[in-house]
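To start, the structure under review is shown below, and the notes come after it.
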There are 2 protein chains.
Amino acid sequence: MTAATGRCCAPITREPLSPDDAAELAVLLKAAADPVRLRLLSMIGSHPGGEACVCDLTDAFDLTAPTISHHLKVLRTAGLIESERRGTWVYYRIVPTAITRLGALFTPLTPATAAS
Amino acid sequence: MTAATGRCCAPITREPLSPDDAAELAVLLKAAADPVRLRLLSMIGSHPGGEACVCDLTDAFDLTAPTISHHLKVLRTAGLIESERRGTWVYYRIVPTAITRLGALFTPLTPATAAS
DNA sequence: ATCATTTTTAGACAAGCTTCTAATCAGGGG
DNA sequence: CCCCTGATTAGAAGCTTGTCTAAAAATGAT
């Protein structure tokens, strides 16, 4: 939370990141930096109602249920998604602020980032 | 390159990513998803003149020169930075379009992404 | 040519990640 | 109460990654 001097370039190309900030952001990025998890994020986020049951997700992959469960846990631990059990099924939702935070890192200062 | 229907949410939360797109984006993200490489990116991008010599970068870390060189290679292979040798020194620059591409993934459709 | 400096390559080792199978937890019916 | 389905946890195998030391390549100076 430092300079907001001019509108020039993405924060990441703007001033040196502190080691602490870099470590914290790397955790978020590492969670996102996997083909399966990117697809899970996009499937959850674009699902009608904004949430998806694990059973909706598993079939799209050639992976076992425990593997999908593992990837969901990685995303949840990083704070990119959250889960809720309703009866037999567990539903996952995107955490919008986490996504926004990633976007802000690479995007040239737009006022739209915190919107809606 | 599909829908541009409404301004709602980040592309990643908008529609399911194809396996191919996910794989390609994961390569970019994986390169960025490391504390050392995030700091390297930010140090290069924020350096006066838009480029930094390897010698400017090494001292900020408790790492050996070969390790820094390795991380720079990962970033360059992914297309996030490019290098040029001038005399004794090698200079690194950010590739803005690659950064923009990452930002666009997580940002809710702003017209500023392709600017400047 | 020899040497010093800057950067990269090569190879090795420890740590971490992705995936699996097997077993366990949680809820809902017969 | 027992079983069935949905989901997670536990533990293991194989591959990838981050870091190091040692050596090489590239350039400029003596």
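Just so it is clear: chains get the letters A, B, ... in the order the sequence lines come, proteins before strands, and each one is counted from 1. All values below come from the heavy atoms of this structure, side chains included, with hydrogens, waters and symmetry mates left out.
Contacts with DNA chain C (heavy atom under 4.0 Å) in residues 70-88 of chain A: A/H70, A/H71, A/R85, A/G87, A/T88, listed by number. The stretch residues 29-51 of chain A does not touch DNA chain D, since none of its heavy atoms comes less than 4.0 Å from the strand. Of the residues in residues 55-63 of chain A, those lying under 4.0 Å from DNA chain C by heavy-atom distance are A/D62, A/L63.
Contact annotation: the side chain of A/L29 approaches that of B/L38 to within less than 4.5 Å [non-hydrogen atoms, C-beta and beyond].
Residues that satisfy the side-chain contact (heavy atoms from CB on, under 4.5 Å) test with B/T67, not counting sequence neighbours, are B/L63, B/T64, B/H71. With sequence neighbours excluded, the residues that form a side-chain contact (heavy atoms from CB on, under 4.5 Å) with A/S83 are A/R76, A/V90, A/Y92. In this structure, the side-chain contact (heavy atoms from CB on, under 4.5 Å) partners of A/A60, at least two apart in sequence or on a different chain, are A/R39, A/M43. Listed by chain and residue number, A/E82, A/T97, A/A98 satisfy the side-chain contact (heavy atoms from CB on, under 4.5 Å) test with A/V95 (two or more places apart in sequence, or in another chain).
Contact annotation for A/Y91: no contact, since no heavy-atom pair falls under 4.0 Å across all strands.
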side-chain contact (heavy atoms from CB on, under 4.5 Å) for B/V74 and B/K30? Distances and angles first, verdict last.
CA-CA 9 Å; B/V74 171; B/K30 225 170 247 181; over 6 Å; no
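Screening residues 41-53 of chain B for salt bridge (Lys or Arg N to Asp or Glu O under 4.0 Å) gives B/E51-B/R86, B/E51-B/R93 as the qualifying pairs, with residues at least two apart or on separate chains. For residues 62-71 of chain A, no pair satisfies salt bridge (Lys or Arg N to Asp or Glu O under 4.0 Å), with sequence neighbours left out.
First and last contacting nucleotides of DNA chain C toward chain B (any atom under 4.0 angstrom from a heavy atom, 5' to 3' order): C/dT6 to C/dT9. Note that the first and last nucleotides of DNA chain D, 5' to 3', having any atom under 4.0 angstrom from a heavy atom of chain A are D/dG6 to D/dT9.
Summarising the hydrophobic clusters (Ile, Leu, Val, Met, Phe, Trp, Tyr; side-chain heavy atoms under 4.5 Å, direct or chained), the residues clustered with B/Y91 are B/W89.
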